[in-house]
Number of protein chains: 2
Amino acid sequence: MALGKDYATQECSIARALEIVGERWTLLVVRDALYGVRRYNDFLVHLGIPRAVLAARLQTLTGEGILEKRRYQQSPPRDEYVPTERGIALWPTLRSLGLWGREHFTETQLRYFRHVDCGTEIGPYGECPACRTVVPIEDVVMEPGPGADRDPADPVSRALLRPKRLLEPLEPLEAEPT
Amino acid sequence: MALGKDYATQECSIARALEIVGERWTLLVVRDALYGVRRYNDFLVHLGIPRAVLAARLQTLTGEGILEKRRYQQSPPRDEYVPTERGIALWPTLRSLGLWGREHFTETQLRYFRHVDCGTEIGPYGECPACRTVVPIEDVVMEPGPGADRDPADPVSRALLRPKRLLEPLEPLEAEPT
DNA sequence: ACAGGTTGGTTCAATGACCGAACCGACAAT
DNA sequence: ATTGTCGGTTCGGTCATTGAACCAACCTGT
């Protein structure tokens, strides 16, 4: 993570994890990837991240096996970045970080996460309180909450406004009627 | 968090959380606080963090209500930094981040976390698999695993080597016999 | 054939965060 | 009076981040 790059003296898996995903923007890139963002330009407009930083982060994330760069069309050559198992494994951390942020620093709820089978909101440990099972990430549906901006500027935010499963790519991104 | 300081365009509780605890060192300071570190100097030697950065982090953490600065002796005036409820609420996030780091980037286990009532190792969701309950942080005992350094240089690491409950202050810190 | 747009980058100067070392003030012990 | 400890602050140098500009490959429309 920047500068010293490592937490040299730390003998700790938390420090180890932070060396990899602790840099600025990194976890937000992973979050977006789990939300279904795949393409360089979509990350760019959704995050408002400087291009150089995005390129650097995508490179280290693919280097660490958290995202995978995958060619999805030959001409013109276009790549997408897809979360690997290792990236997906960050979901509990991101969920609990988001929960903490919401409970302590946000007035209104910005998004709901629900169990696709029953519509129940996911509990604090990632479980469905109704079904009493841990909900795998691909069975989580995300939808906007009362605090969400109904008319965001960028098309990616707008696409994320309609309910969708996590991990499901946000492909079509059809042009809007003005 | 540094530079832009905020993730301006992000309307997201994860981004909000990262604005507060996403800076370099911050989460390691909180981790140490949960492990029982209380005093400026103990953070300093245990983390190997620059003094100025530590001072800055402690200030923002107390400012955000994550740690509380508390005078514990009058002369000479000495303060300790204690995690508040808001700081304690970061435990699930830190635990799951550490779990991710261990599973994906570490060969040997550096620490065990066990349920004090039964000695069972805490499960991936913070639960005790034997008792089938979520274990509150003060009922978690931390002890070194096979990968831990048996003879670390700084006294704080050495104090953390013997099993102790989380949150329990690591006070005495007796001088060592040479 | 050519202009212009889209995508996915790289380069660069300026800014700001972080680093380590030095310094400082309050107090205690000798 | 000197030395040591604790909890900082200050400071110059280094390194990461930023935003803007540039670039190359390819496509589309005319």
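Heavy atoms only: backbone and side chains are in, while hydrogens, waters and symmetry mates are out.
Between B:Ser75 and C:dA26, a side-chain N or O to OP1/OP2 separation shorter than 4.0 Å is absent. The phosphate of C:dC19 has OP1 or OP2 within less than 4.0 Å of a side-chain N or O from B:Trp25.
Side chain of A:Ala55, nearest nucleotide from D:dG19, C:dG9, D:dC6: C:dG9. Out of C:dG8, C:dC18, C:dC27, the shortest distance to the side chain of A:Asn41 is found at C:dG8. Closest to the B:Pro77 side chain, of the nucleotides D:dT17, D:dG7, C:dC27, is C:dC27. Comparing D:dT18, C:dC19, C:dC18 by their nearest atom to the side chain of B:Glu23 picks out C:dC18. Checking C:dC19, C:dA28, D:dG8 against the side-chain heavy atoms of B:Tyr40 singles out D:dG8 as nearest. Among the nucleotides D:dG8, C:dG20, D:dC26, the one closest to any side-chain atom of B:Lys69 is D:dG8.
Straight-line distance from the CG atom of B:Leu47 to the P atom of C:dC18: 14 Å, rounded to whole Å. Nucleotide C:dC27 holds its C1' atom 12 Å from the CZ atom of B:Arg71, rounded to whole Å. One interatomic measurement links the two molecules: CZ of A:Arg57 to C1' of C:dG9, which rounds to 16 Å at whole-angstrom precision. Between A:Arg38 atom CZ and C:dG8 atom C1' the separation is 18 Å, expressed in whole Å. Taking atom CD1 on B:Ile49 and atom P on C:dC19, their separation rounds to 7 Å, with Å as the unit. As a whole-Å value, the separation of A:Gln74 CD from D:dC26 P is 11 Å. Regarding B:Asp42, its CG atom lies at a distance of 9 Å from the P atom of D:dC6, rounded to whole Å. Straight-line distance from the CD atom of A:Glu19 to the P atom of C:dC18: 16 Å, rounded to whole Å.
Contacts of A:Val53 with the nucleic acid, taken as non-hydrogen atoms under 4.0 Å apart, include base atoms. As judged by a 4.0 angstrom heavy-atom cut-off over every strand, B:Tyr81 is placed among residues touching the sugar-phosphate backbone only. Among the protein residues, A:Ala56 comes within range of no part of the nucleic acid, since none of its heavy atoms lies under 4.0 Å from any strand.
Taking the ring axis of B:Phe105 as reference, the NZ or CZ atom of A:Arg86 stays within 45° of it and closer than 6.0 Å to the ring centre.
Note: B:Trp25 and B:Phe43 fail the aromatic proximity criterion, with ring centroids not under 6.0 Å apart.
Side-chain N/O atoms of B:Tyr72 and B:Arg38 include no donor and acceptor closer than 3.5 Å. Looking at B:Glu80 and B:Gln73, their side chains never bring a donor and an acceptor atom within 3.5 Å of each other.
Interface remark: the B:Arg51 side chain does form a donor-acceptor pair with the D:dG7 base, using a distance-only criterion of under 3.5 Å.
Each of A:Arg78 and A:Pro50 was matched to the nucleotide of DNA chain D holding its nearest heavy atom; the match closer to the 5' end belongs to A:Pro50.
Residues B:Leu161 and B:Arg150 share a closest heavy-atom pair of CD2-O, 3.4 Å.
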